[in-house]
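Letters go in sequence order (proteins before strands), and every chain restarts at 1.
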Number of protein chains: 2
Amino acid sequence: MTTLSAEPRNCSVARTLEIVGEKWALLALREVFLGNRRFDEMVRKTGAPRDTLTARLKTLVAAGVLERRPVSEHPPRFEYRLTQSGLDLYPVIVSLMEWGDRYLTNGSAPPMELTHHCGHRLGAVTVCSSCGEVVLARDVRPTPLRATP
Amino acid sequence: MTTLSAEPRNCSVARTLEIVGEKWALLALREVFLGNRRFDEMVRKTGAPRDTLTARLKTLVAAGVLERRPVSEHPPRFEYRLTQSGLDLYPVIVSLMEWGDRYLTNGSAPPMELTHHCGHRLGAVTVCSSCGEVVLARDVRPTPLRATP
DNA sequence: CCAGTAAGTCGGAAATATGGACGTACACCC
DNA sequence: GGGTGTACGTCCATATTTCCGACTTACTGG
């Protein structure tokens with residue numbers, strides 16, 4: 001018999017989405033990348049319900065993507081900071097933004113522009129780390145698995 | 001007064017997430033990128049509830065990311081194909097996968113590898129289209145808006 | 001005729017999301 | 001000292017979604 005029913009794939013995409021696979025999680029991250037590290041600020045800038053944002057931030061902190069740290073004792077105030085793994089989610093955010101800029105602006109200018117430290121507007125492209133070529137879906141194939149011996 | 005309450009940002013990330021900002025939508029896209037274009041196959045490989053997948057596919061088709069086309073009349077069979085805008089979501093998928101491979105494999109090998117047509121394992125990196133440098137969050141700033149006159 | 005597959009739809013229970021009010025702990029100002 | 005405002009949540013009741021299993025339709029193949 002062939003692998004007949006193929007359980008749900010446990011790939012890295014699925015695993016990653018367990019952590020960031022929800023609108024408010026990614027929008028909270030967007031805010032932190034933009035420098036807004038405080039709860040109320042995130043509520044305002046994302047439009048997320050306070051409860052939901054609380055839950056998402058907890059997940060992100062538990063996953064080690066954000067760190068919640070006190071910035072003042074009296075009054076008690078906190079901020080959420082990106083950890084290294086959090087910083088490494090930047091490509092996810094920018095590729096979402098890039099796509100929206102291309103397909104969802106309906107002719108008008110993108111609602112926000114980013115400037116790279118090279119001085120130019122950031123245009124983010126995904127390239128292959130081996131050959132440096134722009135990655136197109138049609139140029140990529142899943143590597144066949146070796147049979148389990 | 002300063003822009004006191006700052007309505008939720010309507011940025012491209014938020015707009016994009018209205019379409020793909022949910023686990024099953026992105027996993028369905030992953031499957032299509034892997035070549036599985038059929039409904040039942042997506043159900044099996046993603047583990048999504050059939051209803052939910054139906055709903056997500058409808059959204060994706062409505063957004064023009066996928067196209068639902070008949071592949072047989074008798075019996076009626078359909079497949080979902082990526083449109084150009086759908087193909088351009090590839091960077092989102094690969095950057096999610098890249099991150100999971102880095103942070104969620106717990107020491108073991110990634111559950112799936114991709115091969116680029118250059119012959120090497122695909123390592124996807126996001127670079128600035130102007131200077132070619134790898135994009136790091138700390139090297140990017142939002143461009144200040146011109147004041148509305 | 002029976003089994004199987006593909007592509008959904010349906011219904012009802014369970015889980016989540018949402019919005020508004022509330023709580024706490026201050027700071028600022030008069 | 002009292003009133004107002006901000007930050008960071010929590011709580012509750014309702015609304016919406018999700019989830020699962022069963023069912024439907026339309027065939028093919030034996």
Side-chain angles (χ1 to χ4, degrees), chain A residues 1-9 14 17-29 31-32 34-63 66-81, chain B residues 1-8 14 17-29 31-32 34-62 66-81:
Chain A
M1 76 193 170
T2 47
T3 39
L4 55 118
S5 193
E7 298 306 292
R9 245 183 248 281
L17 291 175
E18 291 301 312
I19 300 170
V20 298
E22 204 269 344
K23 200 167 58 150
W24 303 127
L26 286 163
L27 290 183
L29 286 174
E31 286 309 311
V32 183
L34 291 172
N36 298 311
R37 315 185 228 269
R38 307 289 291 275
F39 183 82
D40 265 34
E41 192 72 355
M42 293 187 214
V43 168
R44 274 192 295 276
K45 297 278 181 53
T46 63
R50 308 177 73 80
D51 270 16
T52 308
L53 186 63
T54 301
R56 291 300 164 271
L57 289 172
K58 268 188 183 124
T59 304
L60 294 171
V61 169
L66 292 179
E67 189 191 350
R68 178 176 182 269
R69 59 158 76 159
V71 286
S72 140
E73 296 274 329
H74 294 286
R77 290 297 121 92
F78 302 89
E79 63 177 26
Y80 293 88
R81 309 208 51 141
Chain B
M1 78 195 170
T2 48
T3 39
L4 57 116
S5 191
E7 297 307 294
L17 291 175
E18 292 300 313
I19 300 169
V20 298
E22 204 269 343
K23 200 167 58 151
W24 303 127
L26 286 163
L27 290 182
L29 286 174
E31 285 310 312
V32 183
L34 290 172
N36 297 312
R37 314 186 229 269
R38 308 288 291 273
F39 183 83
D40 265 34
E41 191 72 355
M42 294 187 214
V43 167
R44 275 191 294 274
K45 298 277 181 53
T46 63
R50 310 176 72 81
D51 295 26
T52 307
L53 187 63
T54 302
R56 291 300 163 274
L57 289 172
K58 266 187 185 128
T59 304
L60 293 171
V61 169
L66 293 178
E67 189 191 351
R68 179 177 181 270
R69 59 160 76 159
V71 287
S72 140
E73 297 272 332
H74 293 287
R77 290 296 121 94
F78 303 90
E79 64 178 24
Y80 292 89
R81 309 210 50 144

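Atom pair K45(B):NZ and dA6(C):P shows a separation of 11 Å (rounding to whole Å applied). Put simply, NE2 on H74(A) is 6 Å from P on dC26(C), counting in whole angstrom units. For the pair R69(A) CZ and dA7(D) P, the computed distance is 20 Å after rounding to whole Å. Between the C1' atom of dA17(C) and the CZ atom of R56(A) lies a distance of 9 Å, rounded to the nearest Å. Rounded to an integer number of Å, the gap from CZ of R50(A) to P of dT6(D) is 12 Å. Distance CZ (R44(B)) to P (dG8(C)): 13 Å, rounded to an integer number of Å. If you measure from atom CE of M42(B) to atom C1' of dG8(C), you get 13 Å, rounded to the nearest angstrom. Computed from coordinates, the E79(B) CD to dG8(C) P distance equals 12 Å when rounded to whole Å.
Between Y80(B) and dG8(C) there is a side-chain polar atom (N or O) within less than 4.0 angstrom of OP1 or OP2. The side chain of T52(B) contributes no N or O atom lying less than 4.0 Å from OP1 or OP2 of dT18(D). A sub-4.0 Å separation between OP1 or OP2 of dT18(D) and a side-chain N or O of W24(B) is absent. Taking side-chain N and O atoms only, R37(A) has no distance below 4.0 Å to OP1 or OP2 of dA7(D).
N36(B) places a side-chain heavy atom less than 4.5 Å from the side chain of R9(A). Between D40(A) and R50(A) the shortest side-chain heavy-atom distance falls below 4.5 Å.
Between Y80(A) and L66(A), the shortest heavy-atom distance links the atoms CB-CD1, 4.3 Å.
In this structure, G47(A) and P75(A) both approach DNA chain C, and ranking their closest nucleotides by distance from the 5' end singles out G47(A). Both K58(A) and R77(A) lie close to DNA chain D; mapped to their nearest nucleotides by heavy-atom distance, the more 5′-ward contact belongs to R77(A).
Between the side chain of R44(A) and the backbone N or O of P8(B), no donor-acceptor pair lies under 3.5 Å.
How far OG1 of T59(A) is from CD of E22(A): 9.0 Å, rounded to the nearest 0.5 Å.
Relative to the side chain of D51(A), the nucleotides dT18(D), dC12(D), dG8(C) differ in distance, and dC12(D) lies closest. Of the candidate nucleotides dC27(D), dG8(C), dG9(D), dG8(C) has the atom nearest to the side chain of T54(B). Set against dC20(D), dT18(C), dA7(C), the side chain of P49(B) has dC20(D) as its closest nucleotide. Taking every side-chain heavy atom of E22(A) into account, dA17(C) is the closest of dA17(C), dT9(C), dG9(D).
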